[in-house]
Amino acid sequence: MAVVWNKHLVLGLVLGFCLVFSLGELERFVESPKADGSLAFLVVGDWGRRGNYNQTEVARQMGIIGEKLDINFVVSTGDNFYEDGLTGVDDPAFKESFVNIYTHSGLQKQWYNVLGNHDYRGNVEAQLSPILKKVDSRWLCLRSFVVNAEIVELFFVDTTPFVDEYFREPKAYDWSGVLPRKPYLSNLLKDVDLALKESRAKWKIVIGHHPIKSAGEHGSTAELIAQLLPIIQANSVDLYINGHDHCLQRISTSDSPIQFLTSGGGSKAWRGYVSWPNPEELKFYYDGQGFMTLQVTEAHIDVVFYDIEGHVRHHWSV
Ligand SMILES: *[C@@H]1O[C@H](CO)[C@@H](O)[C@H](O)[C@H]1NC(C)=O
């Protein structure tokens with residue numbers, strides 16, 4: 001068969017090429033460490049409740065500690081807006097739960113946000129929209145992406161579409177951009193695996209909304225244990241950080257050096273639930289509100305959990 005080369009065919013080939021090679025890539029952002037080569041950031045999760053349930057108190061302490069550590073940025077582990085995400089880019093909840101709450105001078109930094117299951121109950125495109133950046137320049141939310149800060153690389157993973165339970169109630173969630181689900185998940189896992197393999201950073205941290213391992217009320221996520229954990233184990237990831245359970249915790253098992261850290265104490269907490277089969281592995285559990293800080297150098301990582309009074313509840317370093 002003779003191929004007639006015309007401008008439509010060439011254009012089609014070029015577009016096809018771009019599509020194939022853009023689908024398989026996580027968007028990347030670059031952060032520079034401080035002059036002394038170190039990096040510091042805060043992690044908060046499960047927060048957007050218009051200041052209620054101690055959200056404002058957590059925000060105040062985040063500001064004080066953030067200023068003291070001269071943080072580079074803030075990470076949110078998702079469930080950014082309760083109960084059902086944002087209705088649109090003009091939803092007043094964006095100002096009421098974010099802009100007007102995290103006002104401290106120590107928090108005027110870039111925020112890297114992932115989506116939680118509650119965010120998927122609203123208009124997902126609204127949270128991802130660059131229009132929000134015009135309302136508050138700190139805001140950045142993507143489904144999955146990479147932040148490269150030289151000594152440490154952060155891999156943000158969209159975990160909500162992994163959870164089978166949410167697909168039994170499909171109308172409650174905004175799955176546009178996710179369906180068909182199977183290729184979405186397999187592409188995502190392939191992208192994360194590739195990004196981890198290509199990483200030259202000393203430290204690798206994976207961040208998602210749902211826990212892989214948790215002693216909280218929601219507990220461990222079977223789908224992530226089956227699908228994501230093998231990839232992070234194979235690529236010698238140092239930390240997995242999540243929210244979803246409204247607590248602060250660290251789990252460490254003897255079969256792997258990975259630390260499983262939960263920072264989901266941004267507002268409503270005190271569930272009064274904790275359950276883990278092996279007490280030796282549950283290194284720390286706090287049922288109340290708070291947040292986590294990470295200080296990273298070429299030689300070590302320092303993890304500290306704070307409560308709403310600014311007291312250190314747990315400290316761990318490697
Ligand atoms: C706010 O925090 C204090 C101190 O931890 C706690 O006693 C109180 O119950 C919290 N309030 C709510 C609504 O969680």
Side-chain angles (χ1 to χ4, degrees), residues 40-69 71 74-86 91-107 111 113-119 121-122 209-211 214-220 241-251 259-276 279 282-295 302-316:
F41 59 97
L42 304 181
V43 184
V44 65
D46 307 84
W47 42 269
R49 295 186 192 269
R50 297 178 168 84
N52 297 323
Y53 296 97
N54 286 336
Q55 187 194 357
T56 305
E57 285 69 20
V58 177
R60 184 184 306 128
Q61 286 305 330
M62 285 170 62
I64 294 167
I65 308 287
E67 194 146 80
K68 207 165 86 186
L69 299 184
I71 53 165
V74 178
V75 166
S76 160
T77 56
D79 277 2
N80 307 323
F81 302 98
Y82 284 98
E83 289 288 331
D84 298 321
L86 294 180
D91 189 331
F94 183 68
K95 284 188 176 157
E96 291 165 3
S97 288
F98 177 66
V99 181
N100 300 345
I101 301 292
Y102 301 102
T103 52
H104 196 286
S105 54
L107 300 177
W111 281 55
N113 302 277
V114 287
L115 298 164
N117 50 304
H118 282 269
D119 300 310
R121 296 180 75 93
H209 177 66
H210 294 80
S214 171
E217 194 186 27
H218 294 302
S220 306
I241 300 175
N242 57 268
H244 197 49
D245 269 322
H246 298 175
C247 63
L248 308 174
Q249 72 177 320
R250 179 168 74 86
I251 290 176
Q259 304 294 311
F260 298 92
L261 308 171
T262 300
S263 185
S267 60
K268 198 175 187 179
W270 300 113
R271 290 285 171 105
Y273 182 95
V274 53
S275 166
W276 192 251
L282 185 58
K283 308 294 182 188
F284 163 66
Y285 193 93
Y286 178 63
D287 200 28
Q289 285 97 354
F291 61 98
M292 182 172 80
T293 64
L294 271 89
Q295 287 178 279
D302 271 281
V303 175
V304 182
F305 291 91
Y306 291 91
D307 66 17
I308 66 164
E309 267 115 41
H311 296 135
V312 172
R313 288 278 169 174
H314 183 67
H315 182 192
W316 175 83

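Both counts, for ligands and for their atoms, begin at 1 and track the order of listing.
Among pairs with a residue in residues 259-275, those fulfilling salt bridge (Lys or Arg N to Asp or Glu O under 4.0 Å) read Glu217-Arg271, at least two apart in sequence or across chains.
At a heavy-atom cutoff of 4.0 Å, ligand 1 is surrounded by Asn54, Trp270, Gln289, Ile308.
Residues Ser76 and Trp47 bring a donor and an acceptor atom of their side chains to less than 3.5 Å of each other. When only modelled atom types and interatomic distance are considered, Thr262 and Asp245 share no side-chain donor-acceptor pair under 3.5 Å.
Judged purely by atom type and a 3.5 angstrom limit, Asp46 uses its side chain to pair as donor or acceptor with the backbone of His244.
A search for side-chain contact (heavy atoms from CB on, under 4.5 Å) contacts involving Leu86 returns Phe81, Asp91, Ala93, Phe94, Ala126, Gln127, Leu132, not counting sequence neighbours. Applying the side-chain contact (heavy atoms from CB on, under 4.5 Å) criterion to Ser220, with sequence neighbours excluded, gives Lys213, Ile225, Trp276.
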